[in-house]
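When reading the values below, keep in mind they use all heavy atoms of this one structure, side chains included, and skip hydrogens, waters and symmetry mates. Starting from 1, each residue takes its place in the sequence as its number.
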Amino acid sequence: PPHAQRCRSSRIMLRVRLSRLAAALPNGGALMAAEASRNRRPSCPTDGTWGGGGGGGGGVLAPYAPTTGAKRGLASQVMPVGRAVDEIVDVAVIGGGVVGCAVARAAAVSGHSVVVYEREDSVAAGAASSGNSGLGHTGYDAPDGSLEQRLLRQSISLHPALFRSLGLRQHHAGGCPRSAGSLVVAWSLDEVDTLRKVLEENHRSGDREVRWVEQPELGVLEPALAHTALAAVHCPHEVVVEPWLVPVAYAENAMRHGAVFCLGTDVVGVEVNDDHRDGSGGHASTTSLTVRAAHGSGSTRTQVARVVVNCGGLFGDDVENLRQVDGGSPFTVTPRKGAFALFAPPPPPSQTGAVLPRHIIEMAPTGFTKGVIVWVNLHGQLVVGPTALDVESRDDRTVTPAELAWLSDFGATVIPALAECTLVGTYAGLRPATQFRDYQIGSNPDTGWITVGGIRSTGLSASPGIAEHTCDLISRTLRGDRDRPPPSSLLGISTAAANPAGLSSATAVANEEAPPLSLLKQDYLARADGMVSLWGREWRVTHPQTFLGFGATH
């Protein structure tokens with residue numbers, strides 16, 4: 001693009017561990033080669049290997065092209081690590097979770113060439129994105145005036161057009177017949193005081209639809225709720241979504257706009273150089289990320305990018321430390337484990353009198369957590385969770401018998417009908433909490449580095465706003481915009497970044513409408529390989545709520 005000659009470039013040598021993807025690739029099919037476009041999309045090599053062949057290969061999700069009968073696999077190609085990618089791309093995104101996929105899509109829709117590096121073998125497979133709640137929050141409990149609150153509120157306005165362009169409808173994202181927003185419930189007089197403050201803060205920030213509900217209206221509004229509830233704040237815009245389908249839809253739409261996803265790759269080295277000349281003869285610094293094979297071959301490749309976006313999630317601080325700047329990462333990730341329990345619905349009310357909740361039932365928030373939530377997901381299962389426990393491990397997702405017992409007892413206290421439900425399964429997610437209560441998002445225009453960290457538990461909910469926010473930073477960096485106002489009161493966030501220019505959520509190439517969940521479930525059960533066919537590709541189902549919902553027999 002013309003602006004590429006004016007901006008300062010980032011040369012990124014990515015040392016990537018290529019994991020177990022090659023053995024998981026489907027056999028056969030046509031090799032999909034990426035077409036060069038006027039936006040200089042990253043090219044995929046045509047000398048890759050298929051299926052079980054080619055040790056040390058990393059999976060690459062190719063850009064969109066019309067299908068010609070053969071289905072495209074989860075990784076349409078294998079890119080040998082030793083192959084040099086000599087083309088400069090506009091944006092390299094580190095991390096293919098829900099936020100990374102959303103950022104990649106926003107950048108690709110805006111006309112930038114994009115490559116995404118993800119350490120897992122599938123998108124949205126990390127402990128954060130594959131362990132989210134499947135709820136869309138409005139930020140009623142976010143710190144007043146915080147970036148998190150602003151981006152959550154911005155996301156609400158983006159949802160309708162965005163979900164249509166992603167091929168998602170009401171039965172995929174936006175609720176279900178039972179869902180009518182959330183009720184944040186007070187069970188004690190102290191919690192009543194807390195909720196009144198929450199209500200005041202929301203009204204002060206402009207959300208006038210949030211309202212106060214007391215007994216007896218509360219019992220009429222939500223008959224499933226235990227009668228010991230004193231009062232609640234009704235948040236009508238909080239919704240139930242399919243937790244796996246949303247990030248997959250982001251990734252699909254990103255590829256339809258030319259983005260390339262390199263799966264099973266782990267960025268392990270970053271080098272900042274000051275030796276690159278841009279197209280107009282000017283001088284620009286470069287950043288190199290080195291990519292190394294996981295199987296010990298030692299082969300590497302070099303990717304050149306003008307902007308690097310750290311969407312590393314649980315490993316966001318590790319990615320920051322790769323830059324080897326003075327002081328290291330500006331934040332430290334402390335994994336916050338959230339355990340969930342899923343229950344099959346009870347027999348019909350005509351037999352037992354049990355009633356399932358129509359609303360998402362939430363607890364009075366604290367500065368540490370939103371509290372445990374009870375709701376019915378889009379698969380008809382009653383979900384209780386998450387807990388909130390800071391842990392050291394970034395991969396321990398076990399749910400202990402004590403945690404399960406506590407969740408069961410808690411759920412039955414809030415929704416008495418849960419006592420008659422049978423357990424379907426459990427799972428735990430790990431949220432990338434930091435020492436700060438706000439998102440840690442900022443950019444360094446001199447090196448073309450953008451950090452998207454500390455997203456905690458609202459990544460799915462705020463992903464549209466985060467993506468537009470980050471795309472604004474990308475565009476400013478590519479334009480060479482360094483005339484930034486002084487930093488705002490938000491730690492590490494400039495005023496310009498905290499008030500991004502609005503970007504259109506319209507998309508030139510929309511996803512086709514996704515099939516109903518009932519049809520996806522049929523496909524999942526018929527295949528019996530943990531995957532479903534969607535948008536002409538084979539996708540591995542990575543979220544427990546989704547595969548437990550697909551595998552349930554109720």
Side-chain angles (χ1 to χ4, degrees), residues 20 24 26 71 73-74 97-98 120-135 167-169 171-173 175-179 240-249 251-252 338-348 354 356-357 373-386 397-401 403-404 407-408 411 415 417-418 420-430 460 514-535 537-554:
R20 305 151 310 274
K71 289 191 177 294
L74 171 66
V98 60
E120 301 291 343
D121 294 344
S122 306
V123 296
S129 291
S130 70
N132 70 70
S133 64
L135 296 176
L168 305 180
R169 299 298 183 262
H171 50 279
H172 302 122
C176 58
R178 294 190 186 91
S179 179
V240 181
V241 303
E242 214 304 310
W244 170 77
L245 198 52
V246 172
V248 165
E252 173 65 26
F340 296 82
L342 281 71
F343 299 87
L356 291 178
I373 307 171
V374 184
W375 75 99
V376 177
N377 68 13
L378 295 187
H379 300 277
Q381 296 165 335
L382 201 58
V383 187
V384 184
R397 302 178 64 181
T398 58
V399 177
T400 67
E403 288 172 323
L404 173 59
L407 288 170
S408 301
I415 304 294
L418 192 139
E420 302 179 33
C421 298
T422 56
L423 180 69
V424 172
T426 65
Y427 74 94
L430 298 176
L460 181 67
L517 294 178
S518 58
L519 295 183
L520 291 176
K521 175 179 178 177
Q522 290 178 18
D523 184 42
Y524 181 84
L525 294 175
R527 295 175 58 102
D529 61 357
M531 304 181 80
V532 296
S533 301
L534 183 61
W535 295 306
R537 301 183 195 271
E538 313 299 310
W539 300 87
R540 185 167 302 282
V541 179
T542 58
H543 200 291
Q545 268 197 54
T546 308
F547 60 69
L548 288 172
F550 286 167
T553 58
H554 64 272

Test your reading of the model: is there a side-chain donor-acceptor pair from [X] to the backbone of [Y], 3.5 Å cut-off?
X      : Y      : answer
Arg397 : Ala428 : yes
Gln545 : Pro243 : no
Glu420 : Ala417 : no
Ser122 : Ala125 : no
Ser129 : Val98  : yes
Ser133 : Leu135 : yes
Trp244 : Ser130 : no

Check whether any side-chain heavy atom of Pro516 sits under 4.5 Å from a side-chain heavy atom of Arg169, and report yes or no.
no
May I ask you to test the Val383-Ile373 pair for a side-chain heavy-atom distance under 4.5 Å?
no
Distance, nearest 0.5 Å, that separates [atom1] of [X] from [atom2] of [Y]:
X      : Y      : atom1 : atom2 : value
Leu245 : Leu378 : CG    : CG    : 9.5 Å
Cys421 : Ile415 : SG    : CD1   : 10.0 Å
Met531 : Glu538 : CE    : CD    : 6.0 Å
Asn132 : Leu460 : CG    : CG    : 5.0 Å
Leu548 : Leu342 : CG    : CG    : 6.0 Å
Thr542 : Asp121 : OG1   : CG    : 11.5 Å

Can you list the steps and then say if Leu407 with Phe343 is a side-chain contact (heavy atoms from CB on, under 4.5 Å)?
CA-CA 11 Å; Leu407 288 170; Phe343 299 87; 5.9 Å; no
Start with the C-alpha distance between Phe550 and Asp523, add both sets of side-chain angles, then the distance that settles side-chain contact (heavy atoms from CB on, under 4.5 Å), and finish with yes or no.
CA-CA 9 Å; Phe550 286 167; Asp523 184 42; over 6 Å; no
What heavy-atom pair brings [X] and [Y] nearest, and what distance separates the two atoms?
X      : Y      : value
Glu403 : Thr398 : OE1-O, 3.8 Å
Val123 : Val248 : CG2-CG2, 4.3 Å
Gly411 : Val374 : CA-CG2, 4.4 Å
Ala514 : Leu168 : CB-CD2, 4.4 Å
Leu418 : Ser408 : CD2-O, 3.6 Å

Pair Val384, Phe340 - check side-chain contact (heavy atoms from CB on, under 4.5 Å), show working.
CA-CA 6 Å; Val384 184; Phe340 296 82; over 6 Å; no
Could you please spell out the steps behind the side-chain contact (heavy atoms from CB on, under 4.5 Å) verdict for Val240 and Val376?
CA-CA 8 Å; Val240 181; Val376 177; over 6 Å; no
Verify the distance criterion only: is there a donor paired with an acceptor across the side chains of Glu242 and His379 at less than 3.5 Å?
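Yes - a donor-acceptor pair under 3.5 Å links their side chains.
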